[in-house]
Structures are given as structure tokens and as C-alpha cells.
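Just the heavy atoms: all of them, side chains too, but no hydrogens, waters or symmetry mates, feed the values below.
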Amino acid sequence: MKIWVDADACPAVIKEILFRAAQRTGVELTLVANQAVNVPACRQIRTLQVASGFDVADNEIVKRLEAGDLVITSDIPLAAQVIEKGGIALSPRGELHTVDNIRARLNMRDFMDTLRASGVRTGGPPPLNQVDRKNFANHLDRILAQRPK
């Protein structure tokens, strides 16, 4: 198992949790972004800088992803592609995307896009809070504990 991070929109506190997990478990962690990302000096932690552009980082993650890999993303369409390829998709808020729930999440995302396009102000997600961090860390620990060694 490898961990891939859609790093452009990943909160710093979540990256810190991931850095500690990679160091503790030895799992390879790659942060994919269209800008430079600071990471600790660690054999398991890498960055992959891609060109700027719509979905460039997402496409690179999907291209390199193997079944069983974990992808950290808040991008619902990327999560759907990850699941299609047999990967595991976890949001920075600790929401595990699955075959059972991804279709409903895609539908809700599309509905909200339609509302915004028609001029309705939908607001953004609330700030990441302590409960979100705990949910993320707990899901991450469970996923890493279940990985084949």
C-alpha cells in the first residue's frame, strides 16, 4: 500500500498526521501538487510536483494509483476514480468514500454545482475542527492496521 495525497487543498494539520503515520509505519507517502510542498526529510515521504491546470494532480494520482493504495482527497470525482481502480479514498475530514456512498456524494456535489451556477450562494464547508482531525486520524490508523504487510 502507498498513500497518495491531493496536496494542493490538503490542510497542513492533516499533512502532519500523514507525515507521522508514514514515519511510524514505513508506508510510502507521496504528496502530489502543482506547487512546491515542504515535507520532512524522511525516506518514506516524497513530493511530486505537476504542471498547473485543471485536474492535472488528480490525473497523475489516478495514473500512478494501484489497487489497495490509499488516496487522501476532498475531491469527490477523484475519490470516485480511486474507488473504480480498487483504491481507498479518505477525505481530510475523515470521511471514507466507498462503493456504497460515492454515487450519492457525486450526485450531491453535482446538485450543489448546479445551485452555485444558478447564482445561489451555498457557502463553503466549515473550518476543519478537532472532531474532523480525530476522525481522520482514527480512519487512517484503521486503514494502515488492515493493510497487507
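Follow the hydrophobic side-chain contacts under 4.5 Å out from Val82 and you reach Val50 in the same cluster. Residues Leu144 and Trp4 do not share a hydrophobic cluster, defined by chaining ILVMFWY side chains whose heavy atoms lie under 4.5 Å apart. Cluster annotation: Val62 and Val5 are assigned to distinct hydrophobic clusters (Ile/Leu/Val/Met/Phe/Trp/Tyr, side-chain heavy-atom contacts under 4.5 Å, transitive). By the rule that hydrophobic residues join a cluster once side-chain heavy atoms approach within less than 4.5 Å of another member, Leu18 and Leu70 end up as members of one cluster. In terms of hydrophobic clustering, with Ile, Leu, Val, Met, Phe, Trp and Tyr side chains grouped at heavy-atom distances under 4.5 Å, Val39 and Ile61 are assigned to different clusters.
Lys134 contributes atom NZ, which lies 11.0 Å from atom CD1 of Ile17 (distance to the nearest 0.5 angstrom). A distance of 11.0 Å separates CD1 of Ile83 from CD of Gln81, quoted to the nearest 0.5 Å. How far NZ of Lys85 is from CD of Glu66: 8.0 Å, rounded to the nearest 0.5 Å. Here the OG1-CD distance, from Thr47 to Gln35, works out to 11.5 Å after rounding to the nearest 0.5 Å. Remark: Arg20 CZ to Cys42 SG distance equals 13.0 Å, nearest 0.5 Å. Atoms CG and CZ, on Leu29 and Arg43 in that order, are 13.5 Å from each other to the nearest 0.5 Å.
Using a 4.5 Å heavy-atom cutoff, the side chains of Asp6 and Leu78 are in contact. Between Leu48 and Arg64, some side-chain heavy-atom pair lies under the 4.5 Å cut-off. Residues Met1 and Ile143 form a side-chain contact, since some pair of their non-hydrogen atoms from C-beta on lies under 4.5 Å apart. In this structure, Leu31 and Arg46 have side chains that are not in contact, with every pair of non-hydrogen atoms separated by 4.5 Å or more. Taking 4.5 Å as the limit, every side-chain heavy atom of Thr30 sits out of range of all side-chain heavy atoms of Ile3. The closest side-chain heavy-atom distance from Leu90 to Val71 is not below 4.5 Å. The side-chain heavy atoms of Leu96 and Ile88, taken from C-beta on, include a pair separated by under 4.5 Å. Between Glu84 and Ile102 there is no side-chain heavy-atom pair separated by less than 4.5 Å.
When each of Val131, Asn135, Leu128 is checked for a side-chain contact (heavy atoms from CB on, under 4.5 Å) with Arg93, only Leu128 meets the rule.
In terms of heavy atoms, His97 sits closest to Ala79 at CD2-CB, 3.6 Å. The two residues Ile14 and Pro92 come nearest to each other via the heavy atoms CD1-O, 3.3 Å. Across Phe136 and Ser91, no two heavy atoms sit closer than the pair CD1-O, 3.3 Å. Here the closest non-hydrogen pair linking Ala22 and Ile45 is CB-CG1, 4.0 Å. Between Ser52 and Val56, the shortest heavy-atom distance links the atoms O-CG2, 3.9 Å.
Under a 3.5 Å cut-off, the side chain of Asn129 and the backbone N or O of Asp132 do form a donor-acceptor pair. Side-chain atoms of His139 come within 3.5 Å of backbone atoms of Gly94 as a donor-acceptor pair (strictly under, hydrogens ignored). Looking at Asp8, its side chain does come within 3.5 Å of a backbone N or O of Asn34 through a donor-acceptor pair. Side-chain atoms of Lys2 do not come within 3.5 Å of backbone N or O of Val27 as any donor-acceptor pair. In this structure a side-chain-to-backbone donor-acceptor pair under 3.5 Å is missing from Asp141 to Asn138.
Checking Gln130 against Arg133 by side-chain atom types alone, a donor-acceptor pair falls below 3.5 Å.
Comment: Asp69 does not engage Arg147 in a salt bridge, judged by the lack of any side-chain N to carboxylate O separation of less than 4.0 angstrom.
Taking a 6.0 Å sphere around CG of Asn38, one finds it holds 12 or fewer heavy atoms contributed by other residues, nucleotides or ligands.
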